[in-house]
Amino acid sequence: MRELLIAWEPGGGELAGRLVRALRAAVREGRLAGGARLPASRALAVELGVSRGVVVEAYEQLAAEGYLVGRRGSGTRVAEGVAVERPGEAVRVPAAEPQYDLKPGTPDLGAFPRAAWAGAVRRALQGAANRDLGYGDPAGLPRLRGELAAYLGRVRAVAAGPERVAVVSGVGQGLALLVELLARHGRRRIAVEDPGSPGTLGLLRAHGVEPVGVPVDQEGLVVRELAASGADAVLVTPAHQYPTGVALSARRRTELAGWARAGGLVVEDDYDAEFRYDREPLGAVQGLAPERTVYLGSLSKTLAPGLRLGWAVLPGWLAEDFRQAKQYADLGTGVVDQLAFAALLESGGYDRHLRAVRPRYRARRDALVGALREHLPQAGLRGVAAGLHLYADLPPGVDERELAGAALRRGVRIAPVGPGRLAPGGAAVALGYAGLAEQRLREAAALLGAACREAGRWEDS
């Protein structure tokens, strides 16, 4: 028995506690299997060189914790069903971060307006009523909902009053709540753009929905294919489709609104529409069919995903059901961040932040595009007019997964498009540029070009 208790240290300290920890570790790590009979307390005491009372106390403590069971006539045994920690399972050490992270999804976190946010928090708390800090409306503080309705109407051409705005903990929560509501209303066939976001596909499947793929071309979602899909609802990213970066054309917007008015429901994820570099951002599709569209947005691309703050603008017939779903999910999103964001909107600080970061992101986009044209001229670049990432069609013979592996070995992380496809398609990768300065993007592009030559086994001509 003593050799099983590798953590047993008889010297110094309280002996019963040491024996408890040693026996507990032996059970957790599988050295003492479920059902194994332990020595009698007197025998183990002799073997370990301690008093019988030490062993009895340890056995009683572990029996109370559920690790051991004692029955008259059968002695003390290890309880069945105790979870066993296998080597390497208990602690997973995260892989080292790559030197150049081009995976899309995160803005420049160093640009987060810390001073403005801190000032907004301070002003918000100073002006908050006591009731604001209690259990409020699960759809969000009226103050923030009013500010959001005004902002989205002014900037994104969204048509809705505060009563149809709900504050959520990011687009992920908004979409999860919506999927549950759609199922309750009998809408279980949800179409998605193909290719699309792997994370969105995973979220839908986690909620019991198998997404229906609808192809995307140079004008965005192919609406005639949507009409033929039999889907009850469709999730779209019309301002800057993920991952191709194409904007939904005016013709397709009209077709999509017509499909919605005929009985469909559009779920519009406006994830990075604030960033357009060749003209003013396109207005939201929601304005064309507000009673047939759910509009989702968040601060994840404009400020920081760690804030977990977003919004849903709902058709009137769905707003109350959504509010109740939010209540049962978490009783509402954190009040202090709601107050701070409302103050930032009121003061114009949010607009000032966006005006400050747009030229920064444009310069980074230009640096990456220029460097890719130098080091990877065979790739076709798309989606460069907006957003925080671009789409690269790979040269013939280059496998996107092999390229991702070769790039990672050189310290560059990229996002293959394949995991977001429901139908086969050409090899491509999505490259985010928001988080790296221009020179580092140029360095990453040079490394990516070398990785592509390795993956495709071709040389520059």
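For the single chain, residues carry numbers from 1 onward in sequence order. Hydrogens, waters and symmetry mates play no part in the numbers below; they use all other heavy atoms, side chains included. All values reported here derive from a predicted model rather than from experimental measurement.
Heavy-atom neighbours of Glu280 CD from other residues, nucleotides or ligands within 6.0 Å: at or below the threshold of 12. More than 12 heavy atoms of other residues, nucleotides or ligands sit less than 6.0 Å from atom CZ of Arg358. Other residues, nucleotides and ligands contribute at most 12 non-hydrogen atoms within 6.0 Å of the CZ atom of Arg131.
Atom CG of Asp272 and atom OG1 of Thr237 lie 8.5 Å apart (nearest 0.5 Å). Expressed to the nearest 0.5 Å, how far CD of Glu193 lies from CG of Leu422 amounts to 11.5 Å. Taking CZ from Arg224 and CZ from Arg252, the interatomic distance works out to 6.5 Å, rounded to the nearest 0.5 Å.
With contacts defined as side-chain heavy-atom distances shorter than 4.5 Å, the pair Leu141/Arg145 does not qualify. Under the 4.5 Å side-chain criterion, counting only non-hydrogen atoms from C-beta, Leu109 is in contact with Pro305. Taking 4.5 Å as the limit, some side-chain heavy atom of His185 sits within range of a side-chain heavy atom of Leu318. At a threshold of 4.5 Å between non-hydrogen side-chain atoms, the residues Cys452 and His375 do not count as touching. Side-chain atoms of Leu152 and Tyr295, non-hydrogen and from C-beta on, do get closer than 4.5 Å to each other. Inter-residue side-chain proximity for Lys326 and Ser169 is flagged as met; some heavy-atom pair is nearer than 4.5 Å. Counting heavy atoms from C-beta on, the side chains of Pro195 and Thr244 come closer than 4.5 Å. Side-chain contact between Leu248 and Glu219 is absent, with no heavy-atom pair separated by less than 4.5 Å.
Ring-plane geometry between Tyr242 and His389 is classed as tilted, the angle between the planes lying from 30 to 60 degrees on a 0 to 90 degree scale.
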| message | side chain to side chain contact (heavy atoms under 4.5 Å, CB included) for Glu268 and Val294? Distances and angles first, verdict last. | response | CA-CA 6 Å; Glu268 181 175 8; Val294 176; over 6 Å; no
| request: Run the numbers on Leu296 and Tyr271 for side chain to side chain contact (heavy atoms under 4.5 Å, CB included), then give the verdict. | output: CA-CA 8 Å; Leu296 301 174; Tyr271 70 102; over 6 Å; no
| said: side chain to side chain contact (heavy atoms under 4.5 Å, CB included) for Val121 and Leu339? Distances and angles first, verdict last. | reply: CA-CA 7 Å; Val121 170; Leu339 289 169; over 6 Å; no
| Trace of the side-chain hydrogen bond (donor to acceptor under 3.5 Å, both in side chains) decision for Gln327 with Asp137 | CA-CA 8 Å; Gln327 178 178 8; Asp137 189 331; over 6 Å; no
| Please walk me through it: do Asp351 and Arg154 pass salt bridge (charged side-chain N to carboxylate O under 4.0 Å, His left out)? | CA-CA 12 Å; Asp351 289 305; Arg154 172 173 58 87; 3.1 Å; yes
| side chain to side chain contact (heavy atoms under 4.5 Å, CB included) evaluation trace for Leu431 with Leu368 | CA-CA 9 Å; Leu431 305 174; Leu368 181 58; 4.2 Å; yes
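Summarising the geometry of Leu390 relative to Val384, their closest heavy-atom pair is CB-CG1, 4.2 Å, with the distance given to 0.1 Å. Nearest heavy-atom pair across Glu400 and Pro419 is OE2-CD, 4.1 Å.
Under the 3.5 Å distance criterion, the side-chain polar atoms of Arg453 are left unmatched by any main-chain donor or acceptor of Leu376. Checked by atom type and distance alone, the side chain of Asp194 pairs as donor or acceptor with a backbone atom of Ala423 at under 3.5 Å. Judged by distance alone, with hydrogens and angles left aside, the side-chain atoms of Asp101 form no donor-acceptor pair with the main-chain N or O of Pro98 at under 3.5 Å. Side chain of Arg164 to main chain of Leu314: a donor-acceptor pair is present (N/O by atom type, distance under 3.5 Å, no hydrogens or angles). Under the 3.5 Å distance criterion, the side-chain polar atoms of Ser347 are matched with a main-chain donor or acceptor of Leu344. Under a 3.5 Å cut-off, the side chain of Arg276 and the backbone N or O of Ala386 do not form any donor-acceptor pair.
Checked against the 6.0 Å centroid threshold, Tyr361 and Tyr277 do not count as a close aromatic pair.
Checked by atom type, the side-chain pair Arg28/Tyr67 shows a donor-acceptor distance below 3.5 Å.
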